[in-house]
Each structure stands twice: as structure tokens, then as C-alpha cells.
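Both backbone and side-chain heavy atoms feed into the values below; hydrogens, waters and symmetry mates do not. Indexing begins at 1, ligand by ligand and atom by atom, following the structure's order. The first residue in the sequence is number 1, and the count goes up from there.
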Amino acid sequence: MDLKKTIEKLEAALKEELEQVTTENELQNIKAKYVGKKAELTGLMKHMKDLPDDEKPAFGKTINEAKGRFTAMIEATKQTLHQRALDEKLRREKVDVTLDAPDYRLGTPHLLSQIVEELEDMFIGMGYEIKEGPEIETDQMNFENLNIPKDHPARDMQDSLYIGEETLLRTHTSPVQVRTMLEYGGTRPVKIICPGKVYRRDDDDATHSHQFMQIEGLVVDEVTTMSDLKGTLLEVAREMFGPDRQIRLRPSYFPFTEPSVEVDVTCANCDGAGCNICKHTGFIEILGAGMVNNNVLRSAGYDPERYQGFAFGIGVERIAMLKHDIEDIRNFYVNDLRFNSQFKR
Ligand code: FA5
């Protein structure tokens with residue numbers, strides 16, 4: 001047997017197989033075939049016993065050297081395969097940092113919530129507490145305690161949605177004022193605002209909705225005057241419509257206030273000169289207000305000889321519409337993102 005030739009043949013065959021190999025599993029099989037226990041190369045050692053003693057060391061050495069070479073060739077291929085797999089993985093997972101980021105749609109509070117929050121911040125700054133109450137109210141709280149008995153014509157001013165004989169969806173947030181006065185029991189001053197949803201049997205149109213939002217305010221103290229009310233409402237007008245706004249109080253009627261006023265603000269569009277928006281009056285109506293009627297104070301346990309109060313009720317949609325020139329109140333309720341997303345905070 002020509003050992004050298006046999007090894008050369010094996011080496012050539014191994015080389016060819018290593019050039020073809022693509023996976024580590026295949027490489028494992030090749031390793032077993034060429035340098036494993038049952039490999040042809042390993043089997044050549046069996047011929048050693050037939051050789052004269054002086055040839056044995058060289059024969060063994062040649063086989064061991066070949067085994068070392070074969071193993072090194074296999075190991076090098078293993079490294080190549082490994083590197084190739086790594087390159088492929090990196091290529092697949094490559095991040096193109098020059099690509100545009102995905103367009104995430106960031107949410108924003110609804111315009112009505114924004115206006116409520118702005119007004120809440122302003123009133124908290126003036127020492128008011130925020131009070132909330134139930135949307136399903138008793139006739140007693142919604143009307144009777146506000147000086148509107150059952151047969152009173154003023155009930156027609158607020159068409160109501162009754163749920164039972166004595167329960168209804170509140171038509172305004174004024175019952176929260178009643179509840180707070182009753183809670184305080186006529187013994188301590190009140191300074192609150194009540195934001196929330198209210199409901200009326202109004203037909204929906206561009207300026208009316210059967211459900212809308214109000215913020216009402218109530219201050220009851222030992223010395224509370226109409227000029228306090230006026231100063232407070234001027235602050236509201238300036239916070240909402242800009243620092244140069246003026247207000248005007250017009251006599252009005254609410255059963256729960258006496259005297260009652262309607263409050264107009266100078267038109268932000270024409271600055272009071274008169275334009276289409278303010279119907280050439282220079283003013284736009286924004287809310288109702290007045291000094292709390294003595295009957296209301298009395299029925300909540302406050303002595304009108306000692307306490308006076310003022311109250312006001314703001315329609316939140318109305319403010320939002322004036323502030324942002326929105327023509328139809330129904331835009332607030334249809335959840336059209338094209339509308340809502342215009343009012344990013
Ligand atoms: C009241 O609800 C009184 N409680 C306000 C008040 C409180 C006056 C304290 C005096 C003292 P009025 O019905 O005018 O008043 O409603 C107040 C505001 O709610 C109106 O100025 C208007 O902006 C808004 N509003 C009334 N009805 C509707 C409706 N159907 N849709 C949208 N907004 C409305």
C-alpha cells in the first residue's frame with residue numbers, strides 16, 4: 001500500500017467536500033468520515049503491525065500529521081460557515097436608520113375637555129373648589145330647591161327628560177350647587193365650580209344639542225356683591241377670549257337669581273366695532289348669572305340676612321364655538337378626527 005498516495009487521495013476528496021458544504025450538520029458528517037474513529041485514515045493504522053519496526057514510527061507520524069491537517073481544514077471550514085451565517089443574519093436584521101419613522105397618531109384631549117380644564121385651572125387659581133354631582137337628579141334638586149316649583153312657568157325654559165315621576169336627567173349643573181350648600185349646612189362659605197354634562201329635550205340644530213356641557217359657579221359668603229360677580233366674569237372672558245375683552249351685563253331673568261343678568265363679551269373679531277359674527281352689535285352673549293335668590297339660600301339652610309351669593313352658568317360648547325369660530329355644535333359629538341385633531345393642546 002502506498003500510504004502517501006492514499007492520504008493524498010483522501011485529502012483531495014476532503015477538500016472537494018469542504019468546498020460544497022453549506023451547513024454545520026453536513027460538516028459534522030464530513031468530520032466523522034475523514035477523522036472519526038471509523039474514518040479510512042484512522043483505519044490505516046491497522047497496517048502498522050505488518051511493517052518492520054524501523055518503518056513504524058514514520059508510518060504513524062505520517063498518519064497523525066494527516067489527521068492534524070484534515071482536522072485543521074475542517075475547523076477552518078467551520079469558522080467560514082459560522083462567519084457566513086453571522087453575515088447573513090446581520091444582513092437580514094439590518095436597520096436602515098435613514099428610513100422615515102412610522103407616523104404615530106398622537107391623541108389629544110377633546111376641545112371641550114380642554115376648555116373645561118382651562119377654566120378649572122383658572123378657578124382653582126382663584127380659590128374655587130371643583131364639585132361634581134349625579135347626572136340623574138331629583139326634581140327637588142334640579143328645580144324645587146332652585147325656586148322653580150312644579151307649576152312655575154320657568155320650567156318651560158328648560159325642557160326636561162324625566163326618567164320617573166320625581167327623577168330626571170339634570171337640565172343644568174345648578175343642582176350641584178344646591179347639594180353643596182346642603183352639605184355645608186348653612187354654616188360656612190361656599191366657593192365652587194361644577195363642570196359636567198346636562199340634558200334637555202331640545203331639538204338638535206347648529207346651536208342646540210340635547211346633551212351639552214356646563215360649568216356653573218357659586219360663591220356664598222358674608223360679603224358678596226354684584227361687583228365681585230362682574231370682576232369674576234371679566235376674568236373668565238379674558239381667559240377665554242383674550243386680555244383686551246370687555247364685558248357687559250344685561251338684565252335678565254332666572255328664578256334662582258335676583259337680580260339676574262346675561263353677560264356679553266366684546267366681539268373678538270371686530271373688537272366691538274360690529275361685524276357679521278356679532279350681528280353688528282359689537283357683543284356676543286356668553287353666559288347667565290346673578291345674585292343668588294334669597295329663597296334658594298333659605299331652602300339650603302343659609303340665612304339671607306347673613307349670607308349673600310352670586311352664581312353663573314357657562315355653556316362650554318358655546319364658548320368653544322365662539323373661541324374657534326365653529327359653526328355647528330354637532331361637530332363636537334361625531335368623533336371626526338379631521339375636526340378633533342385641529343385642536344391640539
Ligand atoms: C342655565 O342653565 C342656568 N342654570 C345658568 C345660570 C346659573 C344662570 C347660575 C344664573 C345663575 P341657560 O338655560 O341659559 O341657563 O343655559 C346656560 C348656557 O347653556 C346657555 O348660555 C348656553 O350657552 C348653554 N345651552 C343652553 N341650552 C343649550 C343647548 N340645547 N345646547 C347647547 N348649549 C345650550
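When ring centroids are compared, F254 and H172 stay outside the 6.0 Å threshold.
Contact analysis puts E216 in contact with ligand 1, with a non-hydrogen atom separation below 4.0 angstrom.
Of the residues I30, L14, T71, T42, the one that meets the side-chain contact (heavy atoms from CB on, under 4.5 Å) test with V35 is T71. Evaluated for a side-chain contact (heavy atoms from CB on, under 4.5 Å) with N147, the options L297, V296, N294 yield exactly one hit, V296.
Looking at atom 31 (N) of ligand 1, its nearest protein heavy atom turns out to be S209 N, 3.0 Å. The protein heavy-atom contact nearest to atom 2 (O) of ligand 1 is R200 NH2, 2.8 Å. The protein atom (non-hydrogen) at minimum distance from atom 14 (O) of ligand 1 is F254 CE2, 4.0 Å. Here the protein heavy atom with the shortest distance to atom 22 (C) of ligand 1 is G315 CA, 4.3 Å. Looking at atom 33 (N) of ligand 1, its nearest protein heavy atom turns out to be F212 CD1, 3.3 Å. Nearest protein neighbour of atom 16 (O) of ligand 1, counting heavy atoms only, is Q214 NE2, 3.4 Å.
Heavy-atom proximity to A311, at under 4.0 Å, picks out these atoms of ligand 1: 9 (C), 11 (C). Atoms of ligand 1 found under 4.0 Å from any heavy atom of I329, numbered from 1 in the order shown, are 32 (C). Near S174, meaning under 4.0 Å from any of its heavy atoms, are these atoms of ligand 1: 4 (N). For ligand 1, the atoms closer than 4.0 angstrom to any heavy atom of T257 are 11 (C). Close approach to R318 involves these atoms of ligand 1, each under 4.0 Å from a residue heavy atom: 23 (O). Below 4.0 Å from some heavy atom of D202 lie the following atoms of ligand 1, by number and element: 29 (C), 30 (N). In summary, the atoms of ligand 1 found under 4.0 Å from a heavy atom of G313, numbered by their order in the structure, are 5 (C), 6 (C), 7 (C), 9 (C).
Listed for the Q214 side chain is no donor-acceptor partner under 3.5 Å among the backbone atoms of G313. No donor-acceptor pair under 3.5 Å is formed between the side chain of E262 and the backbone N or O of R250. R200 places no side-chain N or O within donor-acceptor distance of the main-chain N or O of D159, the cut-off being under 3.5 Å.
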### Query
So Y307 and Y184, ring-ring contact (aromatic ring centres under 6.0 Å, His included) or not? Walk me through it.
CA-CA 13 Å; Y307 286 100; Y184 291 0; over 10 Å; no
### Task
Tell me, with the steps shown, if R155 and D139 meet salt bridge (charged side-chain N to carboxylate O under 4.0 Å, His left out).
CA-CA 11 Å; R155 288 218 176 191; D139 186 274; 2.8 Å; yes
### Query
Please walk me through it: do Y34 and E17 pass side chain to side chain donor-acceptor pair (under 3.5 Å)?
CA-CA 11 Å; Y34 287 92; E17 285 203 50; 2.9 Å; yes
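A salt bridge is defined here as a Lys NZ or Arg NE, NH1 or NH2 lying under 4.0 Å from an Asp or Glu carboxylate O, and D87 with R84 fails to meet this definition. By the 4.0 Å N-to-carboxylate-O rule, E88 lies close enough to R91 to be salt-bridged with it.
Contact check for Q83 versus K78: no side-chain heavy atoms found under the 4.5 Å cut-off.
Remark: among candidates G309, P255, A289, the nearest residue to atom 10 (C) of ligand 1 is A289, based on non-hydrogen atoms. Closest heavy-atom approach to atom 21 (O) of ligand 1 within the set H172, E285, R170, Q177: this belongs to E285.
Residue-level proximity to ligand 1 for H208 is carried by backbone and side chain together, each with a heavy atom below 4.0 angstrom. Using a 4.0 Å cut-off between heavy atoms, F312 contacts ligand 1 through its backbone alone, with no side-chain atom that close.
Distances between N or O atoms of T171 and those of ligand 1 include no value under 3.5 Å.
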